[in-house]
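The structure under discussion appears below in the form of structure tokens.
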There are 2 protein chains.
Amino acid sequence: MARRYDPERRQRIIDAAIRVVGRKGIAGLSHRSAAAEADVPLGSTTYHFATLDDLLVAALRQAEDGFAKVIAARGGLTDPRSDLATELAAWMREWLAGDRTGVELEYELYLAALRRPALRPVAAEWADDVAALLSRRTDRLTARALVALMDGICLQVLLTGAPYDEDYAREVLARVIPPGPSPRPWSPPPGPPRSDA
Amino acid sequence: MARRYDPERRQRIIDAAIRVVGRKGIAGLSHRSAAAEADVPLGSTTYHFATLDDLLVAALRQAEDGFAKVIAARGGLTDPRSDLATELAAWMREWLAGDRTGVELEYELYLAALRRPALRPVAAEWADDVAALLSRRTDRLTARALVALMDGICLQVLLTGAPYDEDYAREVLARVIPPGPSPRPWSPPPGPPRSDA
DNA sequence: GAGCGTTGTGTACGGCCGTACATATCGGTG
DNA sequence: CACCGATATGTACGGCCGTACACAACGCTC
């Protein structure tokens, strides 16, 4: 149904918005700044995204997709023979290494859900997706706890400027994981597909 | 011109800024909105706080002080006979109960350090203070991990809108705490007082 | 009480913002 | 082709913003 002159116009605006947020933060995102970054007129951004929340939702969704692809490309934490805590601690090191901009961008969009109810379903999806990924290596409760703990560790690094301590992360992640080679693995039951619209 | 020297002028502006952030978020805070809330002229806010970061630093510091006082008034987690995980899980329930505004306000100011380096020392102080509080019941590494885990759990509740699950929180907090009645307690060594200016 | 630095106040300027809206262009339909 | 709805654009309005700055009121020192 949707016939567009420029089918990539909307996508270009989202990409531009992500770049703007990465460079200037959410506070620096506006219909105008996104339009300038995407090299489209102002009316184009206001047409495709009536409110800034709409644009942020699209940006968060896209950042989430990119994140999932990076995880998948990295092997997806699927090798049951590796130590999960070690693997997660190393992954956080890579994630936090060097340039802050990538992590900063993703956490800023994620944390924006605190004050923007429109973002909460997308943030919940993100957390659920990561937990589901980890659920292939441990039980659901543990997976949720690992996500929470990793979030907390990353945030302490990002918020306080403290260096990332991989040994510490591995140690406490290991404490959360119940002992045993592959305890209580869990597979999602069949159900209706999640609405992604 | 009805002009009196008001030594509490600065304090009133900080209080007003906190109310504004609580009601409209950091995005709604400006020299003007703080001035209106405090019922002082615009020039008064710009005089005492040249930049918004200055005002946010003062607000975060004050929120931190208020938080510490609430903890202290609650007994300060000092009873070594109680179960620490149970106590922390119950405390989070109280904190998250009912009105989101209080927690939202504190987390919003705290998380603002992600993009505002000026806030990072204050955020670091906050995290250190809470960890120091917990260090009276457990070792330092565990205390840091508990802070990270509690942050992660609270954020998942606040960001996704999911209900708080106290049993889950208690279970995973207990996993982080090493077994034993009062393992590896830790007291801070004497040293120079931390600069609070 | 004269002088001066600190504190407090009013006002104005230029800039960026969301929003609205008239207009233009194209794809599909009848 | 005529038509219409979806897509795209330019422009303008009113509002809030940070900032600057001249000036007023006060505390202090001499």
Side-chain angles (χ1 to χ4, degrees), chain A residues 1-60 62 108-109 112 115-119 197, chain B residues 1-60 62 108-109 112 115-119 197:
Chain A
M1 68 165 201
R3 283 283 181 268
R4 292 191 285 259
Y5 302 158
D6 184 354
E8 305 189 357
R9 173 61 49 103
R10 198 186 138 93
Q11 185 57 47
R12 279 179 52 199
I13 295 172
I14 299 175
D15 293 338
I18 288 181
R19 287 196 300 274
V20 170
V21 173
R23 198 187 319 124
K24 303 191 294 176
I26 289 182
L29 179 68
S30 66
H31 282 117
R32 289 168 207 267
S33 62
E37 176 73 25
D39 196 32
V40 299
L42 166 64
S44 194
T45 56
T46 61
Y47 173 74
H48 286 284
F49 304 95
T51 74
L52 280 186
D53 272 7
D54 293 338
L55 187 48
L56 284 173
V57 166
L60 178 58
Q62 180 147 323
E108 187 170 10
L109 287 171
R115 280 293 190 174
R116 302 176 195 255
L119 292 183
Chain B
M1 223 164 272
R3 172 194 316 270
R4 61 199 172 89
Y5 277 19
D6 184 356
E8 305 191 357
R9 173 63 48 105
R10 198 185 139 93
Q11 184 58 47
R12 279 180 51 198
I13 295 172
I14 299 174
D15 294 338
I18 289 181
R19 288 196 299 274
V20 169
V21 174
R23 198 186 320 124
K24 302 192 293 179
I26 289 181
L29 179 67
S30 66
H31 282 117
R32 289 169 206 269
S33 61
E37 175 72 26
D39 196 31
V40 299
L42 165 64
S44 193
T45 56
T46 61
Y47 172 75
H48 287 284
F49 304 94
T51 74
L52 279 186
D53 272 8
D54 293 338
L55 188 48
L56 284 174
V57 166
L60 179 56
Q62 179 147 324
E108 187 169 12
L109 288 171
R115 281 292 191 176
R116 302 176 196 254
L119 292 184

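Every heavy atom of this structure was used, including side-chain atoms; hydrogens, water molecules and symmetry mates were not. Here is how names work: the chains are called A, B, and so on, in the same order as the sequence lines, proteins then strands, and each is numbered from 1.
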Close side-chain approach of B:L29 to B:K24, heavy-atom, < 4.5 Å: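 No, every pair of side-chain atoms sits at 4.5 Å or beyond.
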Within the structure provided, determine whether B:V57 and B:F49 are in side-chain contact (heavy-atom separation under 4.5 Å).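 Not touching, per the 4.5 Å side-chain cut-off.
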Would you tell me if any nitrogen or oxygen in the side chain of [X] comes within less than 4.0 Å of OP1 or OP2 on [N]?
| X | N | result |
| --- | --- | --- |
| A:Y47 | D:dA8 | no |
| A:S44 | D:dT9 | yes |
| A:H48 | D:dT7 | no |

Nearest-angstrom distance from the residue atom [atom1] of [X] to [atom2] of [N]:
| X | N | atom1 | atom2 | answer |
| --- | --- | --- | --- | --- |
| B:Q11 | C:dG8 | CD | P | 13 Å |
| B:D39 | C:dT9 | CG | P | 10 Å |
| B:R9 | D:dC26 | CZ | P | 13 Å |
| A:R12 | D:dA8 | CZ | P | 11 Å |

Donor-acceptor under 3.5 Å ([X] side chain, [Y] main chain):
| X | Y | value |
| --- | --- | --- |
| B:S33 | B:G28 | yes |
| A:S44 | A:P41 | no |
| B:E108 | B:I26 | yes |

Can you build the contact string for nucleotides 16-21 of chain C? Use B for base contact, S for sugar-phosphate-only contact, and - for no protein heavy atom under 4.0 Å. -BBB--
Shortest non-hydrogen separation from B:L60 to B:L119 and the atoms involved: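 Heavy-atom minimum between the residues: CD2-O, 4.0 Å.
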